[in-house]
Each structure stands twice: as structure tokens, then as C-alpha cells.
2 protein chains.
Amino acid sequence: MTTSTPRRRDAEETRRRLLEAARRRFSEDGYAATTVRDIADDAGVNVALINRYFASKEGLFEACLRHAGEELRRSAGDVPLAGIAGRIAEQMTGAAEVPAQLSLLLRTSGDERADEIRRAVLLSSAEKIAAAAGRPDSDRTLLRAELLLATTIGLALLRWTTPIEPLASAGADDLAEPLGDVVEALLGAR
Amino acid sequence: MTTSTPRRRDAEETRRRLLEAARRRFSEDGYAATTVRDIADDAGVNVALINRYFASKEGLFEACLRHAGEELRRSAGDVPLAGIAGRIAEQMTGAAEVPAQLSLLLRTSGDERADEIRRAVLLSSAEKIAAAAGRPDSDRTLLRAELLLATTIGLALLRWTTPIEPLASAGADDLAEPLGDVVEALLGAR
DNA sequence: GAGACAAGTAAACAATTGCTGACTTCACCG
DNA sequence: CGGTGAAGTCAGCAATTGTTTACTTGTCTC
């Protein structure tokens, strides 16, 4: 076996802990408001190791964005158009993992590369939605898919970052119905 | 006449200039990433005056939020349900004043009072939309109104903060149609 | 015009920021 | 077992942060 006893010195493990702590901090407090010492303390790791493993605070942030992108892409899966609303409703009300990744993805850092990653992830999500719609006229469809993405993003914000009632405590069932209407209106047949 | 010669010392004027500079900086860069020196320089004003007129950086931010709230409430006006989509489309593609206020409103600062203001403005906006729908079952309607608000917020983000094509350069006409569908789906009769 | 008070300035403060370099300690291999 | 390189520590750096304090300058009134 490879991971028998938990080694007291494990580069891979500390890297992972740093990433996890950073994701939570960046997601909750934003980039500028988060200090590398906060992250290191949360991870139970020395501050200097951030620079060793990620070169800089910005490097760590970019790694977080990449992770969030993969996570979102994975969680999206391949869902037919009819199932999209329910999927969004589930993930918004579920373990709060997806909203967290989403809110992380929306945090700005002033870093150019971070912006690039952000844009790429968002655009690819929209394209995935558009593909599920299976329509011609790809440009109009893509715009409508991006509007659905906008709804999802706004939903995450109004539940996670600045909770507003009754939306904040609505269950998956409460959300699925109106979200279904939106999906139908934006991308439904005809 | 009251404003004959532009006085070189005018508390009201410098207050105004500070607020304007702060709104732009906070809106574009976020709270934590903006320094009081940035704001003061933009306003062409001494840094210490921020603390004199607004007590603290947080005080200045709260003043900005209040201003954004009034501005948004004013720009919303009283629009019948059928006109909402067009109104949103206009303001998103117009002078970029409204998206700027919106993105300012969504910036977090860790300040408790700021959160309170934010929440109040957002909730009152949602209530205004719900009222325009003129439906019974106020709770379900309010949730649907908040979903439309979520769409608007996400739209502002995907045009202003992290521009995504083709949504970012879509004109008012391009937006009005799909937005109309969303409004109809969420709050339309039946 | 002189005095008085508000408006604006300059400098410095204590704290915090991201980051670095020299050091120590552990784990593994021959 | 011993040494060798990676993993982790420590202290401190230079820069920047929000804020305050003591000061100067403008402007209005009597």
C-alpha cells in the first residue's frame, strides 16, 4: 500500500491542505481580504510553504480557480435539457459545494491570468448548456444559455453571499419549478 | 446666485468628489483591493479628509452603498410587468450606470452594516418586481421575483465584471427578447 | 482689516501585507 | 548507520495599509 502511515512530512498532503483552506477563504472573503497567513493557519501549515508550492498568492488563487473549474465541469455532467432545472436546484440546495465553487469563481483578484481562467470556465459552461439545448442558430442559443448561466450565478449569490429570503431557504422542490419555467422559456423547443 | 465662483474650499463639493471616486473604485476593484489613497488621489483631495467626512473607509463604503441603493430604486421607477424586460435590457446596455451600481452593491466588505444595507436594497427591489406582477400567493411570487433579480444580477456580472461573449456585446434589442421570455415565464399571467 | 472657525495639508504612527533567505529537522536509500 | 536532499521553520525584510495628530491656509463676519 502506498499510504500506510500518515507521514508527518508529505508535500502532496500539505499542498492539498493549502488548496482546500485557500478555496474556502477566497470563496468566503474574496481575494484581497484574504491573507496568506489566514490560509496557512487554517491549513495548519507554515506560511512560507505557500510561496514554495504555489510561487505566490496569485499562483495559489489561480490553482483554486482551476480546481473550481474542474469541479464545476464535473458536477455539470451530461444532462438533457429537461433535467437541467432540477440539477441546478439540487446543487444549489445540496452540500453547498457547488455554490461555493461558483462564488469563488466570481471573485476578482486583478490578476490577468485569473481572469482568463474565469472567462474560459464560464464560457465553456454556457456552451455546454447551449449544446444540451440542441438548437440551430448557435449564436442566439449561446446568448440564451448565458442568460441561464446568469440566473444560476445570481441565484448562487443571493443564496450564498448575500442571502435573501425566501430564496435563501427555499428547498430544491421550491426552486425546481420556477427554474424549469426559465429553462423552458430560454431554451425550450420553439 | 448660490454657486457663482467655484470656491477653492467647499466641504460639500469635496464630499461629493470623494463619494464619486469611491463609487467607481469600489465598484471596479472591490472593497479590500481599494485603498483610501487611491480614492483620495482620484478625487484630487487629501487622504485625511476621508476620515473627516466619513469617519472611516467603512463609513465611506456604506455611504456609497446607500447612494447605489437610491440610484437603483430611482432607476427602477414604476414599470408594468410587460415593460420590465425592455427596461432591464435598456439599462444593461445603456450608460453603464446601473450595472456599475449593481456591481458595487454586490461587493463585500466584511462590514455588518454594509451587509444590512445590501440586503435591504435587494429585498426591496425584489418586492417591487413582485408587486408589478400583481399576483396573489405573495411568497411564491416573491421567490420568482427574486429569481428575476438573480438573472439581472448575473447579467450585470457577465457583462460588467467578467464579460462573456456574445452576452457582453449584445444590444438592448438582442437582450429584450430572451429577457421578455424569462419575465413571462417567471411572472406572466397564469 | 482682524479675528475665528472651517477646510485642507503634511507627516508620521502602528499594524499588517506578501515574500525571502538562512536555518533546522525529518524521511528515505545505500 | 550515516548522509543527502527534500520538507518545514523562523525571523525579518520592505512596502503598504487605515488612521491620527498637529499644523497651515483660506473664507466669512463683524
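Naming: A, B, ... by sequence-line order, numbering from 1 per chain. What you see below is based on every heavy atom in this structure, not just the backbone, and it leaves out hydrogens, waters and symmetry mates.
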So which nucleotide from [options] ends up closest to the side chain of [X]?
{"X": "B:V36", "options": "C:dC19, C:dT9, D:dG18", "result": "D:dG18"}
{"X": "B:Y53", "options": "D:dG18, D:dG12, C:dG8", "result": "C:dG8"}
{"X": "B:S56", "options": "D:dT19, D:dG12, C:dG8", "result": "D:dT19"}

Calculate the interatomic distance between [X] atom [atom1] and [N] atom [atom2]; express it in whole Å.
{"X": "B:I39", "N": "D:dG18", "atom1": "CD1", "atom2": "C1'", "answer": "11 Å"}
{"X": "B:E12", "N": "C:dG8", "atom1": "CD", "atom2": "P", "answer": "11 Å"}
{"X": "A:R37", "N": "D:dC10", "atom1": "CZ", "atom2": "P", "answer": "14 Å"}
{"X": "B:L49", "N": "C:dG8", "atom1": "CG", "atom2": "P", "answer": "6 Å"}
{"X": "B:R15", "N": "C:dG8", "atom1": "CZ", "atom2": "P", "answer": "12 Å"}
{"X": "B:I50", "N": "C:dA7", "atom1": "CD1", "atom2": "P", "answer": "17 Å"}
{"X": "A:K57", "N": "C:dT17", "atom1": "NZ", "atom2": "P", "answer": "9 Å"}
{"X": "A:E13", "N": "C:dC26", "atom1": "CD", "atom2": "P", "answer": "18 Å"}

Next item on the list: Would you mind classifying the nucleic acid contact of B:V47 as base, sugar-phosphate or nothing, using non-hydrogen atoms under 4.0 angstrom?
Entry: base
Item checked: Residue whose closest nucleotide on DNA chain C lies nearer the 5' end, A:D38 versus B:N46 -> B:N46
Margin query: If you count heavy atoms of other groups shown closer than 6.0 angstrom to CZ of B:R140, is the number above 12?
Written below: no
Item checked: Test item: A:R144 side-chain N/O and A:A185 main-chain N/O as donor-acceptor pair under 3.5 Å -> yes
Checklist line | Cluster overlap B:I117 with B:Y31, hydrophobic side-chain contacts below 4.5 Å | finding: yes
Check: Can you get from A:L157 to B:W160 by hopping between Ile, Leu, Val, Met, Phe, Trp and Tyr side chains that sit under 4.5 Å apart?
Finding: no
Next item on the list: Please determine if a side-chain N or O atom of B:T14 lies less than 4.0 Å away from the OP1 or OP2 oxygen of C:dA7.
Entry: no
Next item on the list: Output yes when at least one side-chain N/O atom of B:T35 is less than 4.0 Å from OP1 or OP2 of D:dT16, else no.
Entry: no
Checklist line | Closest-nucleotide 5' rank along DNA chain D - winner of A:R52 and B:A33 | finding: A:R52
Margin query: I'd like to know if A:R9 reaches the base of C:dT25 with its side chain such that a donor and an acceptor end up less than 3.5 angstrom apart.
Written below: yes
Next item on the list: Starting at CG of A:L102, measure out to CE of A:M92 and round the result to the nearest 0.5 Å.
Entry: 5.5 Å
